[in-house]
Amino acid sequence: MTDTRTRLAHTSQLGPGTLEEVRALLDAAFDGDFSDEDFEHGLGGMHALLYEGGALVAHGSVVQRRVVHGGRALRTGYVEAVAVRADRRRRGFAGMVMADLERVIGGAYVLGALSASEAGAALYESRGWSPHPGPIGVLGPDGPERLAEEEGSTYVWQPPGGVRLDPAGRLDFDWRDGDVL
């Protein structure tokens with residue numbers, strides 16, 4: 001049996017070599033469709049790294065974002081850069097990564113959020129995440145903008161003791177370069 005272990009660490013605790021490993025995993029897992037902005041979005045928070053036999057095979061991170069909802073700015077743990085090496089998929093590794101990230105969200109944030117691909121949606125739904133049924137927007141440089149294309153793929157998770165959302169209410173995410181969600 002191969003040794004499998006997880007490591008939870010802040011970006012500041014990851015050296016250049018580990019960040020290079022993470023980037024290589026993400027580039028491979030997303031078939032080269034993982035931009036510099038996508039990588040940047042996954043930095044500055046907590047990383048769940050899963051190793052098998054000493055090799056990095058899965059990763060995910062959670063970073064803080066502000067989401068305006070119902071007149072309040074909510075401290076939100078936003079999940080980024082979840083990936084499993086292609087030859088290690090369907091072994092529960094993504095679920096192990098998400099369990100670590102959900103513990104971080106539950107301990108530090110009032111809401112969890114992420115943007116799910118069609119391929120990833122089943123994983124998140126199986127863990128209690130659900131698409132937010134209301135409008136999605138961003139607090140852009142020119143003011144609030146609706147992002148209708150993100151509706152249906154923006155998932156939320158409400159940790160125990162977290163905030164309860166108005167399902168019809170709009171979620172406005174803070175701005176960032178590249179894809180805003």
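What you find for Leu101 and Ala48 is that their closest heavy atoms are CD2-CB, 3.9 Å. Residues Leu26 and Ala83 share a closest heavy-atom pair of CD2-CB, 3.7 Å.
Between Asp87 atom CG and Glu52 atom CD the span is 8.5 Å, to the nearest 0.5 Å. Here the CD1 atom belonging to Ile105 is positioned 12.0 Å from the CZ atom belonging to Arg75, to the nearest 0.5 angstrom.
Not a single donor-acceptor pair under 3.5 Å links the side chain of Glu150 to the backbone N or O of Leu147. No donor-acceptor pair under 3.5 Å is formed between the side chain of Arg85 and the backbone N or O of Ala58. Listed for the Asp27 side chain is no donor-acceptor partner under 3.5 Å among the backbone atoms of Ala24. Distance alone, capped at 3.5 Å, places no donor-acceptor pair between the Asp31 side chain and the Asp33 backbone. Within the 3.5 Å criterion, the main-chain N or O of Ser153 finds no donor-acceptor partner in the side chain of His132.
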Atom pairs and distances, side-chain donor-acceptor, residues 158-165, under 3.5 Å, sequence neighbours left out:
from, atom 1, to, atom 2, distance (Å)
Gln158, OE1, Arg164, NH1, 3.4

Stepwise side-chain contact (heavy atoms from CB on, under 4.5 Å) test for Thr76 and Gln64: CA-CA 6 Å; Thr76 302; Gln64 182 172 304; over 6 Å; no
Derivation and outcome, salt bridge (charged side-chain N to carboxylate O under 4.0 Å, His left out), residues Glu80 and Arg176: CA-CA 13 Å; Glu80 292 284 359; Arg176 58 191 190 173; 2.7 Å; yes
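Note on residues 94-114: pairs passing side-chain hydrogen bond (donor to acceptor under 3.5 Å, both in side chains), not counting sequence neighbours, are Asp100-Arg103, Glu102-Arg127, Glu102-Trp129. Annotation: side-chain hydrogen bond (donor to acceptor under 3.5 Å, both in side chains) contacts involving residues 139-149, sequence neighbours excluded, comprise Arg146-Glu151. Residue pairs meeting the ring pair (Phe, Tyr, Trp, His ring centres under 6.0 Å) criterion with at least one member in residues 56-93, sequence neighbours excluded: His47-His59, Tyr78-Phe173.
With contacts defined as side-chain heavy-atom distances shorter than 4.5 Å, the pair Val63/His41 does not qualify. Leu8 has its side chain out of reach of Gln13: every pair of non-hydrogen atoms, C-beta onward, lies at least 4.5 Å apart. The shortest distance between side-chain heavy atoms of Asp177 and Glu40 does not fall below 4.5 Å. Inter-residue side-chain proximity for Leu25 and Val57 is flagged as unmet; no heavy-atom pair is nearer than 4.5 Å. Here the side chains of Arg170 and Asp172 are in contact, with some heavy-atom distance below 4.5 Å. Side-chain contact between Ser115 and Tyr155 is absent, with no heavy-atom pair separated by less than 4.5 Å.
Through direct or indirect side-chain contacts shorter than 4.5 Å among Ile, Leu, Val, Met, Phe, Trp and Tyr, Leu139 is connected to Val68.
With salt bridges taken as basic N to acidic carboxylate O contacts below 4.0 Å, none links Asp174 and Arg66. By the 4.0 Å N-to-carboxylate-O rule, Arg23 lies close enough to Asp36 to be salt-bridged with it.
Screening Thr4, Leu56, Val84 for a side chain to side chain contact (heavy atoms under 4.5 Å, CB included) with Leu50, the sole residue that qualifies is Thr4.
Using a 4.5 Å cut-off between side-chain heavy atoms of Ile, Leu, Val, Met, Phe, Trp and Tyr, with links allowed through other members, Val79 and Val156 fall into different hydrophobic clusters. By the criterion of side-chain heavy atoms lying less than 4.5 angstrom apart, applied directly or through intervening Ile, Leu, Val, Met, Phe, Trp or Tyr residues, Val104 is grouped together with Leu114 in one hydrophobic cluster. A chain of hydrophobic side-chain contacts below 4.5 Å, direct or via other Ile, Leu, Val, Met, Phe, Trp or Tyr residues, connects Leu123 to Val97. No chain of hydrophobic side-chain contacts below 4.5 Å, direct or via other Ile, Leu, Val, Met, Phe, Trp or Tyr residues, connects Val110 to Val62. Cluster membership check: Trp157 shares its hydrophobic cluster with Met46, using side-chain heavy-atom separations under 4.5 Å among Ile, Leu, Val, Met, Phe, Trp and Tyr.
By the ring-ring contact (aromatic ring centres under 6.0 Å, His included) test, Phe30 pairs with Phe34, sequence neighbours left out.
Heavy atoms from other residues, nucleotides or ligands lying under 6.0 Å from CZ of Arg89 number more than 12.
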